[in-house]
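All values reported here derive from a predicted model rather than from experimental measurement. Below, each value reflects all heavy atoms present in this structure, side chains not excepted, and no hydrogens, waters or symmetry copies.
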Amino acid sequence: MLRLFDLPHHEARALLRDGALVFLTFDPVEFHGPHLPLGCDRLIARGLTADFAERLAPVLPYEVVLAEPIDCGVEPTSGPGSRRLKYRDVRTIVKESCRALIELGAQRAVLNTFHGSALHNLAIEDGVQTFRRAGLTALAPFHIVLREMVNLDAERYREAFDDVPEEHRQAMIDGLRMDFHAGFFETSMALHYASESVSARFGEVQPCPPFDRVGYVSFFSKVAGLLGAKEAAKEMSFAADALGWPALRPFPGYTSRPAFATARAGDVFARKILERYAEAGHDVFKNGKKPPEPIMRWLKWFSFGGRVEATKVPVEHVR
């Protein structure tokens with residue numbers, strides 16, 4: 001895949017004006033427990049981006065090019081080395097990046113990430129809308145992953161757990177919905193795409209302790225359900241479960257059981273994700289359909305525009 005920003009300016013402009021599809025990623029520098037790197041999201045996003053581009057290339061009549069990844073993210077997991085940026089700042093970075101690409105001549109783009117913060121992905125959606133307001137096309141494929149987490153059918157991923165000891169397997173499948181950071185899922189993805197970045201001692205990492213549901217978010221979920229906002233109620237119910245994790249003390253910085261991760265499991269997860277990505281890419285870039293929408297739009301007002309960081313943990317409480 002060509003690297004857009006390494007090309008002479010006139011060649012870059014010509015490529016984009018000919019309709020080249022630009023891939024651009026936004027991922028944070030954040031703590032991923034003791035066994036994964038601070039740039040883990042960027043490394044996995046890079047692998048998924050390359051595979052996604054490879055799947056799209058045969059069905060699209062134009063070149064696929066890569067813009068440089070941008071290290072920025074909303075609500076990074078707390079820990080030594082995490083870079084904290086506000087929602088409004090990441091939103092500005094995303095929109096300015098997209099504006100500059102459009103000015104250069106970009107007509108279509110994939111705005112990718114592997115960071116699961118809903119606010120982060122709402123910031124990326126602002127980039128999608130920057131393209132759409134200009135009459136152009138853009139896709140943020142990670143919206144698909146987040147929506148699937150809220151509506152998870154864990155049986156679709158059962159194959160990924162084949163190497164997990166039988167006495168732990170079903171519990172891990174049942175708990176996949178809350179395996180959202182540096183656990184079995186993400187560690188397996190890292191082993192698949194960037195094995196050299198994973199500590200050789202990841203098998204020593206102890207399971208993440210169980211965490212409780214957050215009562216006030218659960219209350220809002222029930223209220224939303226009573227008012228007929230079924231999708232918002234489901235999203236709030238997911239958030240009520242997930243927000244119990246940063247309340248753990250000491251805070252581990254990872255979920256589930258990363259010690260059981262394998263590159264084979266990562267390959268299964270990647271293939272399942274890419275199936276969804278390829279379908280969306282075909283719909284958006286070939287058939288002109290509307291791109292997938294983000295989850296949890298209500299978070300903008302619920303967090304007062306990102307001013308309230310419910311996931312932040314003082315670093316002295318991080319294990």
**Q** Walk me through it: do Glu75 and Lys312 pass the test salt bridge (Lys or Arg N to Asp or Glu O under 4.0 Å)?
**A** CA-CA 7 Å; Glu75 294 183 316; Lys312 188 174 182 180; over 6 Å; no
**Q** Looking at Ser117, is its backbone amide N or carbonyl O close enough to the side chain of Asn121 to form a donor-acceptor pair, meaning the two atoms are under 3.5 Å apart?
**A** yes
**Q** Report yes if some heavy atom in the side chain of Glu231 is under 4.5 Å from a heavy atom in the side chain of Arg147; otherwise report no.
**A** yes
**Q** Let me confirm one number: the CG-CG distance from Leu4 to Leu16, rounded to the nearest 0.5 Å.
**A** 5.0 Å
**Q** May I ask you to test the Leu43-Arg46 pair for a side-chain heavy-atom distance under 4.5 Å?
**A** yes
**Q** Would you say the side-chain atoms of Arg108 pair up with the backbone N or O of Ala138, donor to acceptor, closer than 3.5 Å?
**A** no
**Q** Do the non-hydrogen side-chain atoms of Met189 and Ile273 ever get within less than 4.5 Å of each other?
**A** yes
**Q** Tell me, which pairs form a salt bridge (Lys or Arg N to Asp or Glu O under 4.0 Å) where one or both residues lie in residues 212-228, sequence neighbours left out?
**A** Arg213-Asp241
**Q** May I ask you to check whether Phe184 and Phe161 place their ring centres under 6.0 Å from each other?
**A** yes
**Q** With rounding to the nearest 0.5 Å, note down the distance linking CG in Asn151 to CZ in Phe238.
**A** 10.0 Å
**Q** How many angstroms lie between atom CE of Met1 and atom CG of Leu66, to the nearest 0.5 angstrom?
**A** 5.0 Å
**Q** Parallel under 30°, tilted from 30 to 60°, perpendicular over 60°: which one fits the rings of Phe211 and Phe180?
**A** perpendicular
**Q** Give a yes or no on whether the backbone of Asp27 and the side-chain of Asp41 come within a donor-acceptor separation of less than 3.5 Å.
**A** no
**Q** Is there side-chain contact between Pro294 and Glu125, with at least one heavy-atom pair below 4.5 Å?
**A** yes
**Q** So which atom in Ala190 and which in Cys40 form the shortest heavy-atom distance, rounded to 0.1 Å?
**A** CB-SG, 4.1 Å
**Q** A side-chain contact here means heavy atoms from C-beta on lying under 4.5 Å apart; do Leu104 and His9 qualify?
**A** yes
**Q** Measure across Ser82 and Leu38 and return the closest heavy-atom pair with its distance rounded to 0.1 Å.
**A** N-CD2, 4.4 Å
**Q** Could you check whether the rings of Tyr157 and Phe269 sit parallel, tilted or perpendicular, using 30° and 60° as the cut-offs?
**A** tilted
**Q** At what distance, to the nearest 0.5 angstrom, does OG1 of Thr113 lie from NE2 of His143?
**A** 10.5 Å
**Q** For the pair Ser237 (side chain) and Ala233 (backbone), establish whether a donor and an acceptor sit closer than 3.5 Å, ignoring hydrogens and angles.
**A** no
**Q** Is a side-chain donor or acceptor of Lys286 paired with a backbone partner of Val59 at a separation under 3.5 angstrom?
**A** yes
**Q** Please lay out, stage by stage, how Glu293 and Lys290 fare under the test salt bridge (Lys or Arg N to Asp or Glu O under 4.0 Å).
**A** CA-CA 9 Å; Glu293 295 188 355; Lys290 188 177 178 182; 2.9 Å; yes
**Q** Given the rule that I, L, V, M, F, W and Y join up when any side-chain heavy atoms are under 4.5 Å apart, are Leu36 and Val145 in one cluster?
**A** no
**Q** Take atom CD of Glu167 as the centre, draw a 6.0 Å sphere, and report whether it contains more than 12 heavy atoms from other residues, nucleotides or ligands.
**A** yes
**Q** Please say whether more than 12 non-hydrogen atoms of neighbouring residues, nucleotides or ligands are located less than 6.0 Å from CZ in Arg201.
**A** no
**Q** Is the shortest distance from a Lys or Arg side-chain nitrogen in Glu30 or Arg84 to a carboxylate oxygen in the other one below 4.0 Å?
**A** no
**Q** For Glu155 and Arg158: C-alpha separation, side-chain torsions, deciding distance, then whether salt bridge (Lys or Arg N to Asp or Glu O under 4.0 Å) applies.
**A** CA-CA 5 Å; Glu155 287 299 316; Arg158 177 173 283 276; 2.7 Å; yes
**Q** If you look only at distance, which donor and acceptor atoms sit under 3.5 Å apart when one is on a side chain in residues 301-308 and the other is two or more places apart or in another chain?
**A**
| residue | atom | partner | partner atom | Å |
| --- | --- | --- | --- | --- |
| Trp301 | NE1 | Trp298 | O | 3.3 |
| Ser303 | OG | Leu299 | O | 2.6 |
| Ser303 | OG | Gly306 | N | 3.0 |
| Arg307 | NH1 | Phe304 | O | 2.8 |

**Q** Donor-acceptor pair, distance only, cut-off 3.5 Å: does the side chain of Thr77 make one with the backbone of Gly253?
**A** no
**Q** Pick one: which of His32, His120, His181 meets ring pair (Phe, Tyr, Trp, His ring centres under 6.0 Å) with His115?
**A** His120
**Q** Taking Ser197 for its side chain and Ala194 for its backbone only, find out whether a donor-acceptor pair lies under 3.5 Å.
**A** yes
**Q** Does any non-hydrogen side-chain atom of Leu111 lie less than 4.5 Å from one of Thr25?
**A** no
**Q** Quiz question: by atom type and distance under 3.5 Å, do the side chains of Asp174 and Gln170 form a donor-acceptor pair?
**A** yes
**Q** Is the side chain of Glu235 donor-acceptor paired with the backbone N or O of Met296 at a distance under 3.5 Å, no angle test?
**A** yes
**Q** What is the minimum heavy-atom distance between Val22 and Ala106, and which atoms define it?
**A** CG2-CB, 4.3 Å
**Q** Name the orientation class of the two ring planes belonging to His35 and Tyr254 (parallel below 30°, tilted from 30 to 60°, perpendicular beyond 60°).
**A** perpendicular
**Q** Applying the side chain to side chain contact (heavy atoms under 4.5 Å, CB included) test to Phe114, which of Tyr193, Phe26, Phe142 qualifies?
**A** Phe142
**Q** Got a sec, which residues hit side chain to side chain donor-acceptor pair (under 3.5 Å) with Arg132, two or more places apart in sequence or on another chain?
**A** none
**Q** Crowded around Arg83 CZ? As in, over 12 foreign heavy atoms under 6.0 Å?
**A** no
**Q** Val198 and Val164: same hydrophobic cluster, using ILVMFWY side-chain contacts below 4.5 Å?
**A** no
**Q** Can you measure from SG (Cys98) to CG (Asp126) and round to the nearest 0.5 angstrom?
**A** 9.5 Å
**Q** Heavy-atom count around Phe5 CZ within 6.0 Å, excluding the residue itself: above 12?
**A** yes
**Q** Side chains of Leu139 and Pro292, heavy atoms from C-beta outward: is any pair under 4.5 Å?
**A** yes
**Q** Given the rule that I, L, V, M, F, W and Y join up when any side-chain heavy atoms are under 4.5 Å apart, are Phe185 and Val205 in one cluster?
**A** no
**Q** Give a yes or no on whether Leu24 and Leu136 share a hydrophobic cluster (residues Ile, Leu, Val, Met, Phe, Trp, Tyr; joining criterion: side-chain heavy atoms under 4.5 Å apart).
**A** yes
**Q** Before giving the answer on salt bridge (Lys or Arg N to Asp or Glu O under 4.0 Å), spell out for Arg271 and Glu275 the whole-Å C-alpha distance, their side-chain angles and the decisive distance to 0.1 Å.
**A** CA-CA 6 Å; Arg271 282 191 283 108; Glu275 286 173 9; 5.4 Å; no
**Q** Would you check if the side chain of Arg264 reaches a backbone N or O of Ala261 as a donor-acceptor pair within less than 3.5 Å?
**A** no
**Q** Counting only N and O atoms by type, is there a donor-acceptor contact under 3.5 Å from the side chain of Thr92 to the main-chain atoms of Arg88?
**A** yes
**Q** Are Thr137 and Gln107 side-chain neighbours, meaning at least one heavy-atom pair lies under 4.5 Å?
**A** no
**Q** Rounded to the nearest 0.5 Å, what separation is found between the CD atom of Glu279 and the CD1 atom of Ile144?
**A** 8.0 Å
**Q** Around Tyr62, counting heavy atoms of other residues, nucleotides and ligands shown, do more than 12 lie under 6.0 Å from its OH?
**A** yes
**Q** Are Phe251 and Val214 linked, directly or through other ILVMFWY residues, by side chains that come within less than 4.5 angstrom of each other?
**A** yes
